[in-house]
Amino acid sequence: MRSELTGFPLVKTLLKNRWPQLLVWFVMLAGFLFAILSGFFGTPVGNRNFGIVFVWIAWWAVLILVAVPFFGRGWCAICPIPLPGEWLQRGAIMDPPGKKPRWFNLRWPNRLRNIWLQNLTFTLVALFSIIILTTPKVTAIVLAAMLFLAIGMSIVFERRTFCRYICPVGGFIGLYAQAAPMELRVKDKQVCLACKDKPCYNGSEAGYGCPWDVFPGGLTKNTYCGLCMECLRTCPYDNIAINTRPFSADLAKPSTRMDEAFKAFIMLGAAMIYAGVFLGPWGGLKLAAYSFGSLAWFGYTAAFLVFIFGLLPALFLGAVGIGKALTKATITLKKSFTAFATALVPLGLMFWVAFSLSFVLTNAAYILSSLSDPFGWGWNLFGTTAMPWQPYLTTLLLPLQTLALVVGLLWTARTAQKAGTEVNLSPIPVIVFSTAATIAMLGLLL
Amino acid sequence: MKRSELLSRILIVAGVLIVLAAPFAARTIGAQGVVEIHGRMAESGGWTPSTIRAQAGVPLHLRLTSDDVMHSFAIGQSDTPAVDVLPGQMTEVTLTFDKPGTYTYYCTRWCGPNHWRMRGTIEVTGDDFASPQPGTPPLYMMLNLDIDATHPASVTPIGFPDAQRGATFSTLLPVNYMSLDYYRSHSPAQVVQELRADPALASLSNSDLWDLVAYIWQTNTTPEGLAEGQRLYAQNCAACHGETGRGNGVFSADIHALAGKYPANFSDPATMLGAGPALLQGKILRGGMGTGMPSWGPIFTDQQTWDLVSYLYTFQFREMKK
């Protein structure tokens, strides 16, 4: 069922050559800086500010509706955030890496070699999302902070530690990339084992060692491969391939990591809370989420954290425990928990798709007006500034959202079934949990 | 360094510089000769800038935008129509002032509890160096009225006085009660007492006399004046005083929280009929009174103020508009 995309000479040339990627990077970097600039100096009115409209409507729509479901970490391949730091780190953009490191080149601490920090950064962004998503200046601060943090970390640490361990977006992209029908893998593992210098990891004249600190020969899932294409450039044996594959391919082998399991809960819970706060009719809830520092905000924060880190995992643990009791399996509860949490990946992804459809279709009209007047300074670059706001595809919205949720539930049920077979446990309680969560999400979206 | 490295560096550095510099360069060029005004709710700063300088006879180009909610831009004591100021969008206006002076610009949208504080001034200078002629003080000042004092009506009618019915007794009414000066300087309660004491009207009941008062108030305005007063009231007063004049407008609770008092209730005869037009003129022009009432002196023309005063009495007198 796999088909090698790099088997097409044109695709391979485009991916191996640095220029196409650099040109896309350049456009992305320009857009990214423009978004920061408009956030700081443009109108504070969110729906008329390029930073808000292009980051949280246009980019988010492309990311969650197209890039992640179909290309996995495809966005990471062209994300501009690591570019300036990496230039500093390597001392070059295109030239081969030098023999000696230019900066501190420290290894990332072993204790932090997981995605707990990403769980934390995403939770923080999610907690403040109603402020970030509506206030251009705050969006600009967050984007600039990510850029400067990435630069700073590139100087202190080796490779792309920001992307791998800190980026709040990278964490969930990695999780959901497991479901994507695209992958980077080696063609023959034996070739990698026999390879002496491992230039894909260590770098060579042809390119840089894996910025994501991954040895491609050991890749079994998409989670931590950033699709930067360096290994495609450095492999002397032409042993790297970009393949299309069936959806969900990586999920057949359940995760054993608690950090990844909690990422699944954070994403699932955040999607439900977002649906309530952003789309729900509860003005008090919106105000509580917005009024940073107020008593209501602390209440909202407590509820947010308890729901994501307490209630959802506890209910899920209960479901897993029932499944364990039903089958009288010997596997530990922790292993069952992490294994079944993998099944929540499709559910969470489709929750986000359903939620995003709503606000993307409602707010997409702002993209054209913001394109003509990105700062709200009265420009009319493309003659679309005065385009009136109107929601798109309103009649299709609910059917599409329902379809997304149903597909997510069926997909999760199938994944849970596979995970159940793998760990010899009944998946039924987990499927019941997922069904209840889906009904709750449907209720929030309706 | 390879050529590709050099090229890529040039591309990125030049690109970044262009992205950073181009918007500001374009803005600087486009902003020449134009004053940009940002509107925010009064709590967040009101108009920025709040003072603009202009030359009499020279067009003043303004670009208006709102940083929060919808506002509207109007010039006090001017016929220039108000323009809406939309969030994140620019509205361009060109004004030309014929005479030097200080003009007030203000918001006409109910944008927040302190909407009334959203004001700024345009200082218009000109070649006319002649010292301005001192104007006539407003009537309430000439009458030396204390607009901060309470003004209970010594007598009140039963029911609503009817101007149309009052017209049927108008032939009995001595002409001195009909003059504009008399009307403006007396409260309805004062007038009804003077009518009661007048032997020429001895045959009329108290209710008839109240109808006559309503008639006097009607004859000192016009349907057009009342229509203008109604428009001004709806635009500027109803948010606090309420559409029915009961002091229960949408911001009344906020006003109470800010000033400790509810806005004046024009439907209450015990206070409203104790206030004459000149007293109401003073309250409108100066504002204050410890109630959070703004000053409308720089906003309304003299005629607009009197039209508004006339309209306020429609909350007491029936059939005034006919």
Side-chain angles (χ1 to χ4, degrees), chain A residues 17-19 21-23 25-38 40-50 52-53 80 83-84 86-87 90-96 98 134-137 147 205 366 369-370 372-381 385-389, chain B residues 1-41 43-45 48 61-71 73 83-94 111:
Chain A
N17 190 303
R18 291 185 179 278
W19 276 105
Q21 188 181 32
L22 187 78
L23 289 174
W25 247 341
F26 167 70
V27 173
M28 294 296 148
L29 183 66
F32 188 78
L33 292 174
F34 204 72
I36 294 176
L37 211 60
S38 65
F40 280 124
F41 300 103
T43 173
V45 178
N47 58 19
R48 295 282 168 182
N49 186 294
F50 179 89
I52 293 283
V53 173
L83 184 63
E86 217 156 45
W87 181 2
R90 297 168 175 170
I93 300 170
M94 305 281 261
D95 273 359
T134 54
T135 320
K137 205 164 270 183
L147 185 66
E205 279 292 304
Y366 292 125
S369 56
S370 167
S372 271
D373 188 13
F375 291 83
W377 286 348
W379 296 359
N380 197 3
L381 299 175
T385 299
M387 272 193 71
W389 169 80
Chain B
M1 189 186 295
K2 283 186 191 167
R3 212 170 66 169
S4 58
E5 176 69 25
L6 186 67
L7 265 175
S8 62
R9 288 187 186 191
I10 291 170
L11 176 75
I12 289 185
V13 172
V16 165
L17 286 178
I18 288 169
V19 165
L20 294 177
F24 293 100
R27 190 176 198 215
T28 309
I29 294 164
Q32 281 173 353
V34 178
V35 178
E36 192 172 297
I37 302 179
H38 287 248
R40 299 185 196 95
M41 286 195 284
E43 296 84 344
S44 311
T48 307
H61 302 290
L62 300 177
R63 301 173 79 219
L64 308 160
T65 187
S66 163
D67 289 347
D68 42 37
V69 298
M70 182 190 271
H71 299 286
F73 178 89
V83 289
D84 281 336
V85 181
L86 304 171
Q89 297 182 59
M90 285 288 176
T91 305
E92 301 204 356
V93 176
T94 299
C111 56

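Chain naming here is simple, since letters A, B, ... match the order of the sequence lines and numbering starts at 1 in each.
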For residues B:Gly88 and A:Val45, report the shortest heavy-atom separation together with the two atoms involved.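 Closest approach of B:Gly88 to A:Val45: N-CG2, 3.4 Å.
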Check: [Y] and [X] side chains under 4.5 Å, non-hydrogen atoms:
{"X": "A:Leu22", "Y": "B:Ile12", "answer": "yes"}
{"X": "A:Leu23", "Y": "B:Leu11", "answer": "yes"}
{"X": "A:Thr385", "Y": "B:Gln89", "answer": "no"}

In terms of heavy-atom proximity below 4.5 Å to chain B, should [X] be classed as side chain, backbone, both, or neither?
{"X": "A:Leu83", "result": "side chain"}
{"X": "A:Leu29", "result": "side chain"}
{"X": "A:Trp87", "result": "side chain"}

Is it the backbone or the side chain of [X] that comes under 4.5 Å from a heavy atom of chain A, or both, or neither?
{"X": "B:Arg27", "value": "both"}
{"X": "B:Asp68", "value": "backbone"}
{"X": "B:Leu7", "value": "both"}
{"X": "B:Val13", "value": "side chain"}
{"X": "B:Ser66", "value": "backbone"}

I'd like to verify something: which residue of [options] has the highest number of heavy-atom pairs under 4.5 Å with chain A?
{"options": "B:Val69, B:Val19, B:Leu6", "answer": "B:Val19"}
{"options": "B:Met90, B:Glu5, B:Glu92, B:Glu36", "answer": "B:Glu5"}
{"options": "B:Thr65, B:Leu20, B:Asp67", "answer": "B:Asp67"}

What residue in A:Phe26, A:Trp19, A:Trp377, A:Phe34 has the most heavy-atom pairs under 4.5 Å with chain B?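 The answer is A:Trp377.
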May I ask you to name which of A:Pro96, A:Ala92, A:Pro374, A:Gly376 has the most heavy-atom pairs under 4.5 Å with chain B?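 Looking at each of A:Pro96, A:Ala92, A:Pro374, A:Gly376 in turn, A:Ala92 comes out on top.
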Using 0.5 Å steps for rounding, measure from the CG atom of A:Asp95 to the CZ atom of B:Arg9.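 With rounding to 0.5 Å, CG (A:Asp95) is 7.0 Å from CZ (B:Arg9).
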Atom pair CE/OG of A:Met94 and B:Ser4 - distance to nearest 0.5 Å: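 Between A:Met94 CE and B:Ser4 OG, I get 4.5 Å after rounding to 0.5 Å.
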